[in-house]
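So the structure is just underneath, and the comments pick up after that.
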Number of protein chains: 2
Amino acid sequence: MAKQSTPAGRARRAPDSGPAAEQRILAAIQEAIFDHRLGPGAKLKELALAELFHVSRGTVRAALARLGHTKLVELRLNRGAVVASPSADESRQIFEARCAIECALVAKLAAAASRSDLKALRDCVASEKASYARGDERTGLRLSIDFHCKLAELAGNAVLARILEELVARTPLIALTHGGRVPSTCGVDDHLALIEALARRDARRAGELMREHIGHLELQLNLQWPEPTRTLAEAFGPRAVAA
Amino acid sequence: MAKQSTPAGRARRAPDSGPAAEQRILAAIQEAIFDHRLGPGAKLKELALAELFHVSRGTVRAALARLGHTKLVELRLNRGAVVASPSADESRQIFEARCAIECALVAKLAAAASRSDLKALRDCVASEKASYARGDERTGLRLSIDFHCKLAELAGNAVLARILEELVARTPLIALTHGGRVPSTCGVDDHLALIEALARRDARRAGELMREHIGHLELQLNLQWPEPTRTLAEAFGPRAVAA
DNA sequence: GCTTCCTGTATTGTCAACATAATCACGGCA
DNA sequence: TGCCGTGATTATGTTGACAATACAGGAAGC
């Protein structure tokens, strides 16, 4: 017998609340950030989200708390949650962290990657390339990010994979916050070169390539640019006034 | 004027609830795990904790959720939270992750550590050594852990520091879960040697030493031992029955 | 004697209302 | 005209009660 204990209002086919729903909301917000439909500073009101996803505010709060822990959203006391705006400093640190982690991963993969591992990586890059070729930047970017996560997964270290995933998830925000254009091809060639090094079991070269690749990403995101002015005092500071 | 808006029952000198209290509970549980007063598998009942800390269940839930995110506690659906018991596999992955991160940190420090940085590290090891010398293993272990966190802090990368902190926090659980005795001197000599390498700006040697040091930790924790049997089926499996 | 089912209890998950704090709009004032 | 104080509104933080689920003990059946 199906459990129809819920009064009558809304039959719960898909669970309208609970940990499952929390996961659903979390994933939805994360995807929205990925797809640039939510930019840095966007306000995430509990009530609005609760109504939108047909869940209680408590569920939304739990999801926002988790997103806050991964630093994808900033939780301000008594002032709600907004999509995070990583500072330039923080962004550099994120790339530095990625470099450390991903270099270790490729070193491990260079030593232990199986034939099927390499094939999986090549497939990943292939569909990535195809997406860019047909102008679908959104999917391309997604697959490009997937490539990095795949590296972690294939390296057989779930702990590092999880950490890397959280770091990688913050990259789109860095791009948006600092005005860098999302690169049009996002390093497909870098990815291919890296795979070749892995195939040759050339750990040293693979590490170099990864370092360079992340360096490219960092440059493309224009981190060397000054941080966008956020306050009026900055925007109309001495320099602007003097002119 | 002091805000005495609370009715009358209990004047809130220390905040009895809210984000501050959440932090307090989180820290308390984390310390209890550090000090081995809470071992793997220990049940963390919401109501008990709420009464113990004079907060509402909601606050406890929030704290547990955060601890769950850092994997210090395991959250089981409808079955509450227990202190985590990292598997042998997971433990190895944690050490691998620490190795990757800490090697990157010492490489950076070897290049950029200032005189005061080195002094801070030496001071840290000195008090660590002193603690062990007077038989205070608890404080010694704490300071030993602090040393690793200090490395991250001095390296000037808050992102990596945070990640490392979470990884390091799980080490005591690994020791308890897999029955390894907590080492009596926990690598004070390793720490000193590492500092010397940093002082000589010898990045290569510092990396080697760090790798070795973490290797020592891993060995001391007896990860090569089989995992303790948890299920009856395992405990009384074919081998035991045959005898 | 052992297993199986059942019932009572304890614990967690969920929700809706209340209290508190911040934001916004309006009107007075220099 | 621009600024500041004030009040209304909105949003968040918190609490307590309710519902659903899992656990434990005991009774009945094999």
Side-chain angles (χ1 to χ4, degrees), chain A residues 1-26 29 41-69 73-83 231-233 236, chain B residues 1-12 14-26 29 41-68 73-83 231-233 236:
Chain A
M1 185 196 302
K3 52 176 175 180
Q4 283 287 12
S5 59
T6 37
R10 49 182 197 229
R12 52 165 69 178
R13 310 189 183 179
D16 272 7
S17 66
E22 183 186 319
Q23 189 62 38
R24 190 161 53 91
I25 297 171
L26 193 145
I29 295 178
K43 196 147 186 4
L44 300 169
K45 298 183 192 175
E46 296 181 356
L47 195 60
L49 289 170
E51 289 173 356
L52 202 58
F53 290 99
H54 302 286
V55 298
S56 76
R57 264 184 59 210
T59 306
V60 172
R61 280 179 76 80
L64 289 177
R66 280 176 63 181
L67 287 167
H69 195 272
V73 313
E74 184 186 353
L75 301 172
R76 302 168 306 176
L77 184 59
N78 283 329
R79 295 180 57 199
V82 296
V83 177
T231 70
L232 291 176
F236 302 103
Chain B
M1 184 196 299
K3 52 175 178 181
Q4 282 289 9
S5 59
T6 37
R10 53 188 193 228
R12 53 165 67 177
D16 272 7
S17 66
E22 183 185 321
Q23 187 62 36
R24 191 161 52 91
I25 297 171
L26 193 147
I29 295 177
K43 197 149 186 358
L44 301 169
K45 298 182 193 175
E46 297 181 357
L47 195 60
L49 289 171
E51 290 173 355
L52 203 58
F53 290 98
H54 303 288
V55 297
S56 77
R57 262 185 60 211
T59 305
V60 173
R61 280 178 77 80
L64 290 177
R66 281 175 63 180
L67 287 167
V73 313
E74 184 186 353
L75 300 172
R76 303 168 304 176
L77 185 60
N78 282 330
R79 294 180 59 200
V82 297
V83 177
T231 71
L232 292 175
F236 303 104

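Each chain gets a letter, A, B and so on, in the order its sequence line appears, and its residues count up from 1.
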> Looking only at heavy atoms, which two atoms of A62(B) and E22(B) are closest? And how far apart?
Replying inline: CB-OE1, 3.4 Å
> Tell me: NE2 of H54(A) to P of dC15(C), nearest whole Å?
Replying inline: 14 Å
>> So which atom in K43(A) and which in V82(A) form the shortest heavy-atom distance, rounded to 0.1 Å?
In response: CA-CG1, 4.0 Å
> Quick one: are K45(B) and V60(B) in side-chain contact, heavy atoms under 4.5 Å?
Replying inline: no
> Looking at I25(B), L75(B), L26(B), V83(B), which one forms a side chain to side chain contact (heavy atoms under 4.5 Å, CB included) with L67(B)?
Replying inline: L26(B)
>> Using 0.5 Å steps for rounding, measure from the CG atom of L49(A) to the OG1 atom of T59(A).
In response: 11.5 Å
>> Testing the basics here: between E46(A) and R61(A), what is the closest heavy-atom pair and its distance to 0.1 Å?
In response: OE2-NH1, 2.7 Å
>> Within this structure, what is the CZ-CD distance for the pair R57(B) and E51(B), rounded to the nearest 0.5 Å?
In response: 11.0 Å
> S56(B) side chain N/O closer than 4.0 Å to the phosphate oxygens (OP1, OP2) of dT15(D)?
Replying inline: yes
> Of all heavy-atom pairs between A81(A) and L64(A), which one has the smallest distance, and what is that distance?
Replying inline: CB-CD1, 4.1 Å
> Rounding to a whole Å, what distance do you find between L75(B):CG and dT21(D):P?
Replying inline: 19 Å
>> Please report the end-to-end axis angle for the helix from dG1(C)-dC30(D) to dA30(C)-dT1(D), five pairs per end, rounded to 10 degrees.
In response: 20°
Might you list the N or O atoms of the protein lying below 3.5 Å from N or O atoms in nucleotides 8-12 of chain C, with each pair's distance?
unit_1: dT11(C); atom_1: OP1; unit_2: K45(B); atom_2: NZ; d: 3.0
unit_1: dT12(C); atom_1: OP1; unit_2: E46(B); atom_2: N; d: 3.4
unit_1: dT12(C); atom_1: OP2; unit_2: E46(B); atom_2: N; d: 3.3

